[in-house]
Amino acid sequence: MYVESHFVACKVVVPYLRKQRDGSVIFISSTAGRLGFALRTPYSASKWALVGLMKSLAIEVGPEGVRINAIMPGVVDGERIKRVIAAKAEAENLPYDEMESQWLKLVSLRRMIPPQEIAEMIQFLISDAGRTISGQSLSLCGNQETLR
């Protein structure tokens, strides 16, 4: 389900990039694509699949000047993760702050990732400064040690 859209998008976009012999495709995977995620197996498997797709496609199109990379965010700050943490807190009968603290204890830097930092990494990868980066899975996660 999650991977099919990437196949379809690449089928449309990559021929144009090959023709111009330049360009960059960036997949958004997840730290679940390198750590695994208990009770979220389909999600985790799809994120691992994106990494494999990225790596294989980078090998295929690299000789034509096209770069393919994946970003693997960890706990991204925003309304979605707040809902996830709140639901987990409710299920475990804990205050929200305590549950959030438990989540961040699994991150070495003990902080969430602002969406702006993901945008900045994308901007870097598509710029001339990132022109030699391809076939890489880049974790933007504050060193997510494990997933809960």
Side-chain angles (χ1 to χ4, degrees), residues 1-14 16-17 22-62 66-148:
M1 169 169 78
Y2 294 108
V3 181
E4 185 178 2
S5 61
H6 292 73
F7 274 109
V8 172
C10 286
K11 188 175 180 178
V12 173
V13 171
V14 168
Y16 291 103
L17 300 179
D22 187 30
S24 180
V25 174
I26 300 167
F27 295 156
I28 302 296
S29 179
S30 166
T31 52
R34 71 175 172 83
L35 296 172
F37 200 172
L39 306 177
R40 299 285 313 272
T41 301
Y43 174 80
S44 183
S46 70
K47 297 306 182 176
W48 281 78
L50 285 178
V51 172
L53 173 62
M54 173 278 301
K55 195 71 156 171
S56 298
L57 193 55
I59 293 167
E60 287 180 32
V61 301
V66 180
R67 296 168 285 136
I68 316 289
N69 291 291
I71 294 176
M72 303 169 81
V75 182
V76 178
D77 195 10
E79 290 305 313
R80 180 188 164 280
I81 199 63
K82 289 177 183 170
R83 286 192 307 271
V84 170
I85 293 171
K88 186 78 168 166
E90 184 177 338
E92 294 189 19
N93 199 26
L94 292 171
Y96 176 91
D97 291 344
E98 187 174 329
M99 181 57 64
E100 182 180 89
S101 177
Q102 286 182 19
W103 276 54
L104 293 179
K105 283 180 183 172
L106 303 175
V107 177
S108 295
L109 293 180
R110 305 289 195 262
R111 69 180 189 92
M112 293 187 190
I113 308 306
Q116 180 63 30
E117 290 182 12
I118 297 169
E120 290 166 356
M121 177 59 79
I122 291 169
Q123 186 176 18
F124 173 77
L125 289 172
I126 64 174
S127 75
D128 285 343
R131 70 183 168 275
T132 60
I133 301 171
S134 189
Q136 302 303 305
S137 302
L138 304 162
S139 292
L140 267 62
C141 65
N143 191 34
Q144 183 87 41
E145 299 165 11
T146 188
L147 294 172
R148 179 175 194 279

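Residue numbers count from 1 along this sequence.
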Stepwise, does the side-chain contact (heavy atoms from CB on, under 4.5 Å) test hold for I26 with M54?
CA-CA 8 Å; I26 300 167; M54 173 278 301; over 6 Å; no

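- Under a cut-off of 6.0 angstrom, the local environment of CD in Q123 is sparse, with at most 12 non-hydrogen atoms contributed by other residues, nucleotides or ligands.
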Does the pair W103 and M112 meet the rule for a side-chain contact (heavy atoms from CB on, under 4.5 Å), with working shown?
CA-CA 9 Å; W103 276 54; M112 293 187 190; over 6 Å; no

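- Taking CD1 from I71 and CZ from F27, the interatomic distance works out to 12.0 Å, rounded to the nearest 0.5 Å.
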Run the side-chain contact (heavy atoms from CB on, under 4.5 Å) test on Q144 and L106 for me, step by step, so that the C-alpha distance in whole Å, both residues' side-chain angles and the decisive distance to 0.1 Å come before the verdict.
CA-CA 6 Å; Q144 183 87 41; L106 303 175; 4.0 Å; yes

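- When atom types are taken as modelled, the side chain of N69 and the backbone of I133 share a donor-acceptor pair closer than 3.5 angstrom.
- To the nearest 0.5 Å, atom OG of residue S29 and atom CG of residue L138 are 11.0 Å apart.
- The minimum heavy-atom distance linking L17 with S24 is given by the pair CD1-N, 4.2 Å.
- The two residues S108 and E145 make their nearest non-hydrogen contact at OG-OE2, 2.6 Å.
- V75 and I81 get closest at one heavy-atom pair: CG1-CG1, 3.7 Å.
- One finds the OG atom of S127 at 12.0 Å from the CD atom of E120 (value rounded to the nearest 0.5 Å).
- In terms of heavy-atom proximity, K47 sits nearest to S30 at CG-CB, 3.7 Å.
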Run the numbers on M121 and I113 for side-chain contact (heavy atoms from CB on, under 4.5 Å), then give the verdict.
CA-CA 12 Å; M121 177 59 79; I113 308 306; over 6 Å; no

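- Distance alone, capped at 3.5 Å, places no donor-acceptor pair between the S44 side chain and the T41 backbone.
- Residues L53 and F7 approach most closely at CD1-CE2, 3.6 Å, considering heavy atoms.
- Counting only heavy atoms from C-beta outward, the side chains of L57 and V25 never approach each other to under 4.5 Å.
- Separating the CD atom in Q102 from the CD atom in E92 is a distance of 6.5 Å, to the nearest 0.5 Å.
- Here C141 contributes atom SG and M72 contributes atom CE; the two are 8.5 Å apart, rounded to the nearest 0.5 Å.
- Among all heavy-atom pairs drawn from S134 and A58, the shortest one is OG-CB, 3.8 Å.
- Between the CD1 atom in I68 and the CD1 atom in I59 there is a gap of 11.5 Å [rounded to 0.5 Å].
- R34 places no side-chain N or O within donor-acceptor distance of the main-chain N or O of V51, the cut-off being under 3.5 Å.
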